Each structure stands twice: as structure tokens, then as C-alpha cells.
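If you're wondering where the values come from, they're calculated on a predicted model, not measured in any experiment. Note on naming: letters A, B, ... go to the chains in the order of the sequence lines (proteins, then strands), and numbering restarts at 1 for each one.
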Number of protein chains: 2
Amino acid sequence: MFTLSKKNHLPLYIQLKEWIAERVDTGEWKPGMQLPSERVLCDDLNISRITVRQAISELVTEGRLYRVHGRGTFVSDQKIQQGLNRLTGFTQDIKARGQEPSARVLDLQLTDAPTAVIHALKLKANTPAIRLQRLRLADGEPLAVETAWLNDKLCHPLLDLDLENHSLYQLLSEKFNIQPAYAEQRLQAVACPAPTARLLKIRKASPVLQIYRTTFAPNERPFEYVESFYRGDKYIFYVSLNHG
Amino acid sequence: MFTLSKKNHLPLYIQLKEWIAERVDTGEWKPGMQLPSERVLCDDLNISRITVRQAISELVTEGRLYRVHGRGTFVSDQKIQQGLNRLTGFTQDIKARGQEPSARVLDLQLTDAPTAVIHALKLKANTPAIRLQRLRLADGEPLAVETAWLNDKLCHPLLDLDLENHSLYQLLSEKFNIQPAYAEQRLQAVACPAPTARLLKIRKASPVLQIYRTTFAPNERPFEYVESFYRGDKYIFYVSLNHG
DNA sequence: GTGGTCATGTGGTCAGAACCAGTGCTGGCT
DNA sequence: AGCCAGCACTGGTTCTGACCACATGACCAC
């Protein structure tokens, strides 16, 4: 069926894993289909069961396969796979929803960071930070007010850039080589404060989704802390959860 | 240091995993601390290395430990940990927040399923389903109203069980061997409907977090659809996002 | 001091074997 | 016909043992 090359320095289980993944991706093995049993794979490929199990286990962890004790191993339904939980900025998020994102800059300055920001970005006390407040629109309608705090040391020249027509993440990536790798968010339903309500063109105290986000670079350093208010009537947050 | 009991039917690697997890949770082993090497653990506990590796590997996958080739295994920085995005029921969720969960059953019956439920659970039209509505409390205070729809075929005898004092997921697991594997959620900030507000003891139209969840079993069949209203002033939802 | 070598300790990969624990079919008994 | 025990499969757990790849520090030669 296929040969694993020992010469190739790649571990056998990785080679097997990629081989299986390819069958699944190309649709040669369709969702619900049963894989050859672990012992059959051992014999056919002339490798030990521990190797086969390691390859399959990783694919199970990734959600591409699932096992049923006593019955066998099967290809997962691809629809279920998590297209959710992806870290994107407002721009990408809204585009993914089929709408046209835009922005109006309300404030952009270097100023003293409040303690919540100091803590989130792991700054020293009394350090200034960049405060960027924008009204975010989807298809021209106000959807959210977003206040981002950025580490000044990492991206000072940001103050001169055009943040109405470009994605912040895109600029950070192109100009400063900062890519978001990971983010933690807190979501809460609150009554909209009056000033924010005026910007969003909703009645004050309307329900809004308040989102706090801390974004980390690949080296696990936080570079951004954002507080947003999303109109409750216009924005739905999607998330997927997996069994521990 | 500690003894693994063979009598206990739990697999050795699970016992070891829980033992390590406890050290980490209680803070006996602090973030950054190096664990005893795999071979040392083998000798001390008189088990094979493959067992030790399986226990550690799962904790690594969960983000509680990390390994460095050639140096050792270490306790992760807890803040980075994604104890987030774990699929749990209300009971586990509230316990994890350090509060005491409880429930009051408002409704439990077999009835016609609305189309949203038919669709989410992939039922045939005009199929009845189990409707379970509960007021959920944390430390005795109303926190959420939860309406769960369950596939009748999978868990009919549920109608006779004690759902005030037991976790639904625990019962599903013990009685019907149904384990949640994956869930998709939608979250939205809305104004609380009057009847729900009375149950939650808040003013009507207060902001609440409305959460829809579809829960899937390991075989990717949906078995539960839940609509919940969480008090906006008492509940914060945590989520982590990863770079695609 | 600087730079290379090597011993040692770490995790990473893999073989072969054994037994346990669910699932589902089959054949024999009632 | 219907039930149930047994068997042949599946994945789940665990062992012994081996070698590879990487990190580190001690040692030696320059």
C-alpha cells in the first residue's frame, strides 16, 4: 500500500500520520469510514503497534479520527472540525461573516496605562502605552467600540499609520513583524454606558457584549489588551468546546 | 512518595496523571519547576516508562506541563493554560470557579420539539424530545435558567432520575454511557425576558448572556441542545483563541 | 581564555509481546 | 423462534528493552 522510508529522517509515526491525513483530506477515506485495524496496519507496514497507535492518537486529538472501543477507528465528520476558535481581528472576523468592515478612529495617543493594562501587558508601573480607540462598523453600521492598548516599545511608530482603512493585525505583521499567536478573552453581558451607546446609536443601557482580550505573540509575550463593546442585537459570538 | 494501587480498577497512567495534576493544582509543584525525570519516576513508582510517558503526555496536551528535549519536563505557567475551552456542564463549570452548584427542576417532560431543536439534534420532523428546564444556582443564588433538549431515543429513562442533585452529564455518562465530546456554542447579549427575570431575581430587560449549545457524543451525533440565560452581572465567560 | 570533545542525563522513537475490556456475530441449546 | 454462551474481532493498558537526539557541564588541547 505504501512504504515508510527509514532513510527519511522523519519519525515513522509522523510519516504514517501524514499518510493517513492525506487520505482523509483528499476524500479517499470518507467521513464515517472505518480504518484498517491497528494490527492490520502493523502487519501491512511492518511496524510496531506502538507506532501505529501514536500516529492515530495524534489524529484523534486533532479531531480528524475517532476510536470506538471494541469496534474500530473511524474518519471524523469534517464539518464538526473547529473552524471556530480562530484568533482573528475585527476585520477578518467581519469579512468571514460576509460583511464589509470599516473603522473610525476616535482616539490615538501615547498615554499612561491604567493598572489593568499594566497587568495584562506585563509592563512596569507608570509606563505609557498606546491607546487606540475605534468605532468599528459592519456594512457601514456601527457594531462595536474597541479600545486597544498596545505595548509602546514594540510598536511606537504605529502613531503615524492609517488605522481607518487597514487591519491593525495586518499592520502589526507587516511593519513590526508581530503576529498574534494566542489570545485569552472574557465575555460578559452588560448594560451599555451612555457615551458608548451614543456612538453605537443604541439606547443607553441596551444589552451589549463586553469583551476583554489579551493577545500574545508566539514568544508568549502579551502585546495587546483590548476592551470592546459589541451591540447585543447585531453580534453573535461563536465558540467550540472540546472534551478535556 | 505515593503508591499506585493495582486493585483500583483505574489505569495506572490515569492514577499517575491525577497525582501529578494534584501537585500542580495545590501549588506543591510551582510553575517552571522541573519534574522528576521519566526514568526516576519509573524506578520510584515501579512502573514502566511507557506508562509514565502516557500520563505526562496527556498533561502536556492539556497544557499543564511542557517538555524540553534533553533538559526535562516542567510545570507550565498556569496563566497560559487553557483550562478554557473545556467542555463541561454547569456543575463542573461552577465548581471550577470555586462555587457550589445546585439546581431546581422547573420542567421535565417528553414533548414535541421545536424546529430549532429538530435541526440541531438532527431528528425527524414531529419527533418528541425530552425537555428539561432547570434554574441553576451558584452558592444558593440564581445564576442561570437552562432549557435542555435531549434525544428521547438515547435517554428516555432520564424522566425518572434526580436532576436536582446530580450533574446531567454525570447521569448521562453513568446510566447511558453517553459522554460529551464536543460542543458548539453561540453567545449573545440580550435583554432578559420577564418570566426568566423573575426566576433569576433580576429586573426585566436586565442584560443577560444568552447561550445556545449543541453537544456531540464521540461518534459525532448531537445528543443535547441547550438554551441558557446567564445573569450578566454574575457570569463571565472565558475563552481562548489560537492562531489558525 | 577559547574552542572542541566526551560523558551523562534528559526526552523521543520504536520493537515485540502479553493481557484486559468492549462489540458483535454465530452456533447451539431450549 | 428465541435466547445465550462462546468466539473472534476491535481498541486499551502495560511490560522489558533498546537506540536516537538534544542539552549541559567537565575536561582537555590550543
Side-chain angles (χ1 to χ4, degrees), chain A residues 3-20 29 32-61 64-76 243, chain B residues 3-20 29 32-61 63-76 154 173-179 181 217-221:
Chain A
T3 48
L4 296 163
S5 61
K6 299 242 183 193
K7 284 193 289 278
N8 189 335
H9 67 287
L10 275 175
L12 292 177
Y13 80 94
I14 296 278
Q15 295 181 46
L16 175 56
K17 181 182 163 185
E18 289 179 349
W19 180 73
I20 295 175
W29 289 356
M33 198 190 112
Q34 181 166 12
L35 267 68
S37 83
E38 297 178 353
R39 277 167 254 260
V40 168
L41 285 171
C42 295
D43 291 347
D44 286 359
L45 304 174
N46 211 29
I47 55 182
S48 88
R49 188 154 164 235
I50 209 170
T51 305
V52 172
R53 278 185 67 79
Q54 189 165 0
I56 293 178
S57 294
E58 296 203 355
L59 290 165
V60 168
T61 302
R64 301 163 69 91
L65 305 178
Y66 64 96
R67 296 199 251 232
V68 183
H69 193 168
R71 293 218 297 131
T73 306
F74 306 84
V75 178
S76 289
H243 176 54
Chain B
T3 48
L4 298 163
S5 59
K6 299 244 183 194
K7 284 193 289 280
N8 189 334
H9 67 288
L10 275 174
L12 291 176
Y13 80 93
I14 297 278
Q15 294 180 49
L16 176 55
K17 182 182 165 188
E18 288 179 348
W19 181 74
I20 295 174
W29 290 356
M33 197 191 114
Q34 182 167 10
L35 268 67
S37 83
E38 297 177 353
R39 286 168 179 87
V40 168
L41 285 171
C42 294
D43 290 348
D44 286 359
L45 304 175
N46 211 28
I47 56 181
S48 88
R49 192 162 158 229
I50 209 170
T51 304
V52 171
R53 279 186 66 78
Q54 189 165 359
I56 293 178
S57 294
E58 297 204 353
L59 290 164
V60 167
T61 303
R64 302 163 69 93
L65 305 177
Y66 64 95
R67 294 199 252 232
V68 183
H69 193 166
R71 293 219 297 130
T73 306
F74 306 84
V75 178
S76 291
L154 295 176
S173 174
E174 289 173 3
K175 307 290 180 187
F176 310 109
N177 197 31
I178 297 177
Q179 275 94 22
N219 62 4
E220 310 203 341
R221 295 230 172 280

Nearest-angstrom distance from the residue atom OH of Y66(A) to P of dT10(D): 17 Å

Is the shortest side-chain N/O distance from R67(B) to OP1 or OP2 of dG12(C) below 4.0 Å? yes

Ignoring the backbone of L12(B), work out which of dA15(C), dG11(D), dC15(D) is nearest its side chain. dC15(D)

Can you tell me if the side-chain N/O atoms of R71(A) get under 4.0 Å from OP1 or OP2 in dG24(C)? yes

Should H69(B) be counted as stacked on dG12(C), where stacking needs a ring-centre gap under 5.5 Å and an angle between planes under 30 degrees? no

Could you identify the nucleotide paired to dC30(D), looking across every strand shown and requiring Watson-Crick or G-U wobble geometry with both distances under 3.5 Å? dG1(C)

Check the phosphate of dT14(D) against Q54(B), side-chain N and O only, distance under 4.0 Å to OP1 or OP2. Yes or no? no

Is the shortest side-chain heavy-atom distance between L35(A) and F74(A) below 4.5 Å? no

Whether Q15(A) side chain and L10(A) backbone form a donor-acceptor pair below 3.5 Å: yes

Nearest whole Å is fine: how far is dT13(D) P from I47(B) CD1? 14 Å

Side chain of E58(B), backbone of I14(B): donor and acceptor closer than 3.5 Å? no

Is R53(A) near enough to dG11(D) that one of its side-chain N or O atoms lies under 4.0 angstrom from OP1 or OP2? no

Give a yes or no on whether a donor-acceptor pair under 3.5 Å exists between the nucleobase atoms of dG11(D), that is its base, and the side chain of R39(A). yes

Calculate the interatomic distance between L41(B) atom CG and dG9(C) atom C1'; express it in whole Å. 14 Å

Which residue in the set N46(A), I56(A), I47(A), T51(A) passes side chain to side chain contact (heavy atoms under 4.5 Å, CB included) when paired with L41(A)? I56(A)

Assuming nearest nucleotide by heavy-atom distance, tell me which of Q34(B) and I50(A) is located more 5' along DNA chain C. Q34(B)

S48(A) vs dG16(C): side-chain N/O to OP1/OP2 distance below 4.0 Å: no

Whole angstroms only, please: what is the CG-P distance between N46(A) and dA15(C)? 8 Å

Taking CG from L59(B) and P from dG11(C), how many angstroms apart are they, rounded to a whole number? 14 Å

So does R49(B) get a side-chain nitrogen or oxygen closer than 4.0 Å to the phosphate oxygens (OP1/OP2) of dC15(D)? no

Nearest heavy atom decides the nucleotide; on that basis, is T73(B) or T51(A) closer to the 5' end of DNA chain C? T73(B)

Distance, rounded to the nearest Å, where Q15(B) contributes CD and dT13(D) contributes P: 12 Å

Measure the distance from CD on E38(B) to C1' on dC22(D) and round it to the nearest whole Å. 14 Å

May I have the distance from L35(A) (atom CG) to dC9(D) (atom P), rounded to whole angstrom? 19 Å

Using a 3.5 Å distance criterion without hydrogens, assess whether the side chain of S57(A) forms a donor-acceptor pair with backbone atoms of R53(A). yes

